[in-house]
Each structure stands twice: as structure tokens, then as C-alpha cells.
> 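Here it is, the structure in full.
Throughout, residue positions are numbered sequentially from 1 according to the sequence presented.
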Amino acid sequence: MLRALCERGIVPDLVVGSSIGAVNAAFFAGEPTLEGTYLAAEMWRAVATNDVFPKGRLHGSWRFVERREAVYPIEGLRRLVSSFLRFDRLEDSLVPLTIVVTRLDDGVEEWLTEGPALEAVLASAALPAIFPAVEREGSRYVDGGVVDNTPLSVALAAGARRIYVLLCGGVNSRPIDSGRPYEALLVAFGLSIRTRLRRDLAAVPAGVDVIVLEQSGVEEVLWQDFSHTEELLERGYLDARVVLDRAERQIAERGGTRSATRWWSRTSVRPPLTRRKPRADRSS
């Protein structure tokens, strides 16, 4: 999706990220170029499940119910983020960057624009129960998606007149069937996220363009499965081109004289992802 934007010469005045979006936002804010999008794609292609979700010697579903803060340590994610961050502090990014996090003590939503970049990104991506909370300046933080997974509010507060929303999924994605209690919790979390997004989109003020780029096929992939990265990257790029072409035509046709419009929808019905045996996990 970022590649499709950069190919059109679209340069952001502000990049906002929450949850896994904070990881991608931080990468792009440090290398906001077409070449940077290729580097980001190569980074994701190189990631295997065991790099981020390492299996211990005694790994199984029981780890979700034993007495511990999280199923996985955050060290794998820390190594991944550390490998591509090009700035130590948020205020040093080449494009202004805001990271959304959830303060665990009281559930307050915080917008981070200054301070250590690594801890901010890790905190925003620390999905509860999956990763432990991240301590930052005396407070503990978890995934920004708990309170605001698609932070339109940040862009609007900054005075944005045109917002590009890059989704890992869709506005109206169908939830997958859950076979275990913890999977039902994740499904419910996803429903909450999408409901909040639809409400926020409906409340965007008149005069603001919102172009939503959806990612098809994500519903068919388990959250810890990295074996479909190549296909998802290609789908996201092609879908984004179609939506951007449509949006640009309508913006040109209205000549800036009509009210702003929202664009989002799947560009076509695509076949299911090819089910293949996952590649072997690469040691980090």
C-alpha cells in the first residue's frame, strides 16, 4: 500500500501508527521513499513465525491459561524493530510521527511524539496476553489498538484535510470461526476494532477526504502465520492502486468544489489464499 502511495508522489505531512501499524509507521517515517517501501517489504519477507512468536521447549495451548503475563516474550519483536529503526527518538524521524499507546494503569490513550522510539513502538504493538506490557517513563503500556486501532482522531486533531488509512484487514471484514476460548476473545477484539473504525469514519467532518486502503485475504490467515507474506504484499499493492486511481479521478472531477468523499471497499472478489505447508521457522 505504501508503495502504491509513493509511486504517485504522495508525501505525508504526518504518519500515525497504532498496534502493528506503529511498526510500519516507524519504518516508513525513517525512510519515507519508494526505496523505503521496498526495504520494508524485504524485511517482512524475511520474518518467520519463530522470530516473533518463539516456541519454547514445552509449548502448547496450556500456555494461554498458565500463571504468566503473556504467552510470548517480547524480545523477538524487539530485535525486529531494532533492526530497522533509523532514529533513536520519535522527534528525530524524517516525517513527523505519532505512536498511539494504551496506558495499562487506567486505560488512557496516549499520543507519543517524543522520547525513545523503540519503547514507544514496542508498547503500541504489545498485544495483551500475547506480549507483556512495556514500561516507559514509569508507566506500563499495551497495544494502542485496545483504545484506538485506526487513529483517525490524531490526524484530524493535527488539521489533516486528506487522510490515507492503511488497514491490515477491511472495514467490514468477516470474523473467522473460533475453535478455542482465547480465539473467541481475539475475534471479539477484532469486532470491537472494526466497529470503532466504522463509527469514526461516519463522524469525519465534511471537507476532509478519507481514502481507506483495505487488505484482502487477511481473514484467511492465522495471526501468527507469516507464510503468506508475499501474496499479502502483492494483494495490498494491487488493491491500493485500484482505490487510489478511483479516488484521484473523483477528486479531479469535482475540481475542489464539492464536499469531500470517503472511499473504501474491496476492489474485487479474490480467490482464497493458496493453502500450502508453512515454511520452516528461521532462527533469529
Side-chain angles (χ1 to χ4, degrees), residues 1-47 52 74 76-103 108-127 131 134-139 141-168 210-213 233 236-237 240:
M1 296 178 184
L2 283 170
R3 173 186 166 193
L5 288 167
C6 287
E7 285 178 347
R8 286 164 169 74
I10 297 171
V11 180
D13 299 303
L14 171 68
V15 179
V16 184
S18 181
S19 193
I20 188 60
V23 177
N24 287 315
F27 195 119
F28 186 69
E31 187 63 51
T33 63
L34 181 59
E35 292 74 16
T37 68
Y38 286 117
L39 291 173
E42 287 302 314
M43 181 271 290
W44 284 117
R45 289 187 183 102
V47 175
V52 181
I74 206 167
L77 183 61
R78 181 183 294 275
R79 285 191 293 270
L80 174 65
V81 176
S82 297
S83 69
F84 69 74
L85 265 182
R86 295 174 178 267
F87 45 89
D88 293 328
R89 298 181 63 83
L90 294 175
E91 60 266 35
D92 295 332
S93 59
L94 295 182
V95 174
L97 172 65
T98 299
I99 299 296
V100 177
V101 296
T102 303
R103 196 164 65 204
V108 167
E109 173 183 345
E110 290 192 18
W111 302 350
L112 306 181
T113 58
E114 298 178 342
L118 177 59
E119 299 308 315
V121 175
L122 290 177
S124 187
L127 185 64
F131 294 120
V134 174
E135 185 167 334
R136 183 181 185 275
E137 297 181 354
S139 295
Y141 295 91
V142 294
D143 198 307
V146 171
V147 289
D148 197 354
N149 192 67
T150 312
L152 288 168
S153 55
V154 180
L156 291 171
R161 308 305 297 171
R162 181 168 300 163
I163 303 171
Y164 295 90
V165 179
L166 282 60
L167 293 181
C168 292
V210 179
I211 297 94
V212 181
L213 308 181
L233 285 170
Y237 170 66

> Distance from Y38 atom OH to T33 atom OG1, nearest 0.5 Å?
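Here the interatomic distance stands at 10.5 Å.
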> With the side chain counted from C-beta on, respond yes when F84 and V23 share a heavy-atom pair under 4.5 Å apart, and no when they do not.
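Yes - at least one pair of side-chain heavy atoms lies under 4.5 Å apart.
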> Which atoms form the tightest heavy-atom contact between Y164 and R162, and what is the distance?
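Heavy atoms of Y164 and R162 come nearest at OH-CD, 3.4 Å.
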> Atom CG of L166 and atom CG of N24: how far apart are they, to the nearest 0.5 Å?
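Result: 8.5 Å between the selected atoms.
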> Would a 4.5 Å heavy-atom cut-off, applied to side chains only, mark V95 and V11 as touching?
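Sidechains of V11 and V95: no contact.
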> Looking at every non-hydrogen atom in both residues, tell me the closest pair between F27 and G36 and how far apart they are.
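Taking every non-hydrogen atom into account, CE2-O, 3.5 Å.
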> Using side-chain heavy atoms (C-beta onward) and a distance below 4.5 Å, is P12 in contact with F28?
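Yes, their side chains come closer than 4.5 Å.
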> Is any NZ, NE, NH1 or NH2 atom of the basic residue among R136 and E119 found under 4.0 Å from an Asp or Glu carboxylate oxygen of the other?
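No, this pair does not count.
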> Got a donor-acceptor contact below 3.5 angstrom from the S19 side chain to the G21 backbone?
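No; judged by distance alone, with no hydrogens or angles, the pair does not exist.
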> Taking all atoms of both residues into account, what is the closest heavy-atom pair of G144 and S18, and its distance?
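Heavy atoms only, the tightest pair is C-OG, 3.1 Å.
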> What closest approach, in Å, do A125 and F131 show between heavy atoms, and which atom pair accounts for it?
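Answer, listing the atom of A125 first, then F131: O-CD1, 3.8 Å.
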> OG1 of T37 to CD of E7: how many Å apart, nearest 0.5 Å?
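Separation between the atoms: 7.5 Å.
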> Should the heavy atoms of other residues, nucleotides or ligands under 6.0 Å from CG of D92 be counted, would the total exceed 12?
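It does: D92 CG has more than 12 such atoms within range.
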> Over all heavy atoms of both residues, which pair between R8 and A4 is shortest? Give the atoms and the distance, please.
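Heavy-atom minimum between the residues: NH1-O, 3.3 Å.
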> So how far is it from L5 CG to Y237 OH, rounded to the nearest 0.5 Å?
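OH of Y237 is found 11.0 Å from CG of L5.
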> Please report the interatomic distance CD(E31) to CG(L85), rounded to the nearest 0.5 Å.
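So the gap between those two atoms works out to 13.0 Å.
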> Do L80 and M43 touch side chain to side chain, with heavy atoms closer than 4.5 Å?
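Yes, side chains in contact.
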> When rounded to the nearest 0.5 angstrom, what is the spacing between CG in L127 and CG in L77?
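Atom-to-atom, L127:CG and L77:CG are 10.5 Å apart.
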> In the structure I gave you, are the side-chain heavy atoms of L34 and R3 within less than 4.5 Å of one another anywhere?
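Side-chain contact under 4.5 Å: yes.
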> E109 and D148: which non-hydrogen atoms are nearest, and at how many Å?
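So the two residues come closest at OE2-OD2, 3.1 Å.
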> Should T113 and T98 count as side-chain neighbours, where that means a heavy-atom distance under 4.5 Å?
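Touching, per the 4.5 Å side-chain cut-off.
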> Can you tell if the side chain of T150 reaches within under 4.5 Å of the side chain of V212, non-hydrogen atoms only?
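Side-chain contact under 4.5 Å: no.
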> Please check: side-chain N/O of S124 versus main-chain N/O of V121, any donor-acceptor pairing under 3.5 Å?
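Not confirmed, S124 side chain does not pair with V121 backbone.
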> Is a side-chain donor or acceptor of T102 paired with a backbone partner of D143 at a separation under 3.5 angstrom?
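The answer is yes, because a donor-acceptor pair under 3.5 Å joins these two groups.
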